[in-house]
Every structure is written in C-alpha cells, then in structure tokens.
Student: 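Have a look at this one before I ask anything.
All values reported here derive from a predicted model rather than from experimental measurement.
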Amino acid sequence: MSINKEEEISVFFFLIQLDYLVLALILKTISKFLNKKLKVFYLMHEPKFEKGRINPLKADIVFLYHLIFGYIGDKILLPSNEAVLKAKDFINNDKLYKLNLSFISIPENILQNNLAQLKYSWDKEKTFLLLGRADRDKNPQGFLSLASIINTDYPKQARFIRGGSERNIQVNYDEKLIIRFPGFISNSAKSFLLGLSHFVVIPYSFSTQSGVVTEALSYGKL
C-alpha cells in the first residue's frame, strides 16, 4: 500500500497499555522521518487518580503514560468536564476535547427500567454492589454465586447491582436478578451507587490495591 504525501493518517488509542504507547512513539518517529501527516487521538478516561484510589506507584505510572500521550497526541478526548479540568494542569488546552460517550450507553428505556427497580424500599431490601472494571483475577463469578445463594435463601429480600465493565472476560449476568450499569462509571455515578448500596462485594481471587476497597470503606459499605 502506498500513501501520498498529502494524505493524512489518523490513529486512535483508548487503553493504558505499554505496547500502545510504544506503537504511538514509533509511528510518530516514522511519520516525521518520511514526512507523512499523522494525527494521534487518545481517549483519556481519568487524567489523575484521586489520592487513595489506587496504589501510589501505579498512579504515578498512569500519570506518566497520560503525560507522554498528552505531549505526542494531537487530540486528547475526555469523557467529562471534570476530566477536562484535571487534564488542563499538564496538557496544552488546545488539544483537549470533551467527548460525548452516550453512544455506547445502554438504551434509555432499559436504563429507566433499571432505575425504577432501584426505587424499592431501602430498608426492606438489602442492596449488594459489585463496582469497577472486572477481569479474571477479580472473580466476578464470585458475585454471581453470592447473588444466587442470597436470592435462593432470602427471595425478594435483596437487590444486586453491577456497575462497571469487564476486561478480557465474558460474564453471563442474570438480567432478571442483577441490575446492570455497564461501561465507564463517573465519580458522580459511583457516589450514587455507593450511597444506594448496603454492601459492596469484593470477590477478588487475591488481595489487590483496587481503589474500590478504599472507596467502599469511606462509605462504610465493605
């Protein structure tokens, strides 16, 4: 394949992975050497992690990752006004763009139905929450097992909420039993779900530095 000098190439990155950063740096170098037009777009979910959310070393690594992408990227896409304000501290403002992520949300009628289900009496039914991005090590299947046991032993006395997405794993949720809020969970949505729940379930296969633990403790819900 041949690319004319006038043609512009665009690449889009949206995950925190070292190989993506290396690829972006290589492409930038090659494009300058060959005098080609290359634009790098980067979706930055959270520019800076709040203190105590994750391991401090991991937070520094993520910040450095964002800092480099902020330097080499042509457009930095952010999901909220809050994220834009945080990014302004270390990225050229001309590169920052707020991105409307509503196109990846679940249909409005399903969301409204889920919210309606949550309006049941808070005292009558206890609410259990699994929050955050889940992968194999975080054992979301453990949450499903807990929900099944509680629902069997105490039918119609508990609600189960899953807020967040899955990474490199497929989880078959019982849509009739578990109310789902898939995808990116903003800080305001997180506060809403934590305040609504009685218990935050941590079914991890082994101890981690997950920010969900400290957040749940701050709400007294662990």
Student: Can you find a pair of side-chain heavy atoms, one from K32 and one from L38, that are under 4.5 Å apart?
Tutor: no
Student: Any side-chain heavy atom of Y42 sitting closer than 4.5 Å to one from Y65?
Tutor: yes
Student: Quick one: does N81's side chain get under 4.5 Å of L85's, heavy atoms only?
Tutor: no
Student: Would you indicate whether the side-chain heavy atoms of L77 and F12 approach each other to under 4.5 Å?
Tutor: yes
Student: So, Y173 versus R180: side-chain donor-acceptor pair below 3.5 Å or not?
Tutor: no
Student: Do L23 and L64 land in one hydrophobic cluster if side-chain heavy atoms of ILVMFWY residues count as linked below 4.5 Å?
Tutor: yes
Student: Check the angle between the aromatic planes of F128 and F199 and answer parallel, tilted or perpendicular using the 30° and 60° thresholds.
Tutor: parallel
Student: Tell me, do K126 and Y154 make a side-chain contact under 4.5 Å, heavy atoms counted?
Tutor: no
Student: Does I169 reach the side chain of P140, with side-chain heavy atoms less than 4.5 Å apart?
Tutor: yes
Student: Within this structure, what is the OG-CD1 distance for the pair S197 and I161, rounded to the nearest 0.5 Å?
Tutor: 4.5 Å
Student: Looking only at heavy atoms, which two atoms of L193 and G163 are closest? And how far apart?
Tutor: CD1-CA, 4.4 Å
Student: Rounded to the nearest 0.5 Å, how far does OG1 of T29 lie from CD1 of I72?
Tutor: 8.5 Å
Student: Same cluster or not: are L130 and I149 linked, directly or through other Ile, Leu, Val, Met, Phe, Trp or Tyr residues, by side-chain heavy atoms under 4.5 angstrom apart?
Tutor: no
Student: Please report the interatomic distance NZ(K88) to CG(L78), rounded to the nearest 0.5 Å.
Tutor: 10.5 Å
Student: Can you find a pair of side-chain heavy atoms, one from K28 and one from D74, that are under 4.5 Å apart?
Tutor: yes
Student: How many angstroms lie between NE2 in H66 and CD1 in I16, if you round to the nearest 0.5 Å?
Tutor: 4.0 Å
Student: Who passes ring pair (Phe, Tyr, Trp, His ring centres under 6.0 Å) against Y71, sequence neighbours left out?
Tutor: none
Student: Within this structure, what is the CZ-CD1 distance for the pair F160 and I150, rounded to the nearest 0.5 Å?
Tutor: 4.5 Å
Student: Please name all residues satisfying ring pair (Phe, Tyr, Trp, His ring centres under 6.0 Å) with Y97, sequence neighbours left out, ordered by chain then number.
Tutor: none
Student: Any carboxylate oxygen within less than 4.0 angstrom of a Lys/Arg side-chain nitrogen, looking at R162 and D174?
Tutor: no
Student: Quick one, V40 and F69 - any side-chain contact, counting heavy atoms below 4.5 Å?
Tutor: yes
Student: Output yes when a side-chain donor or acceptor of K95 lies under 3.5 Å from a complementary backbone atom of G73, and no otherwise.
Tutor: yes
Student: If you take all heavy atoms of L144 and N172, which pair is closest and at what distance?
Tutor: CD1-O, 3.7 Å
Student: Say you draw a straight line from CZ of F143 to CD1 of I202; how long is it, rounded to the nearest 0.5 Å?
Tutor: 10.5 Å
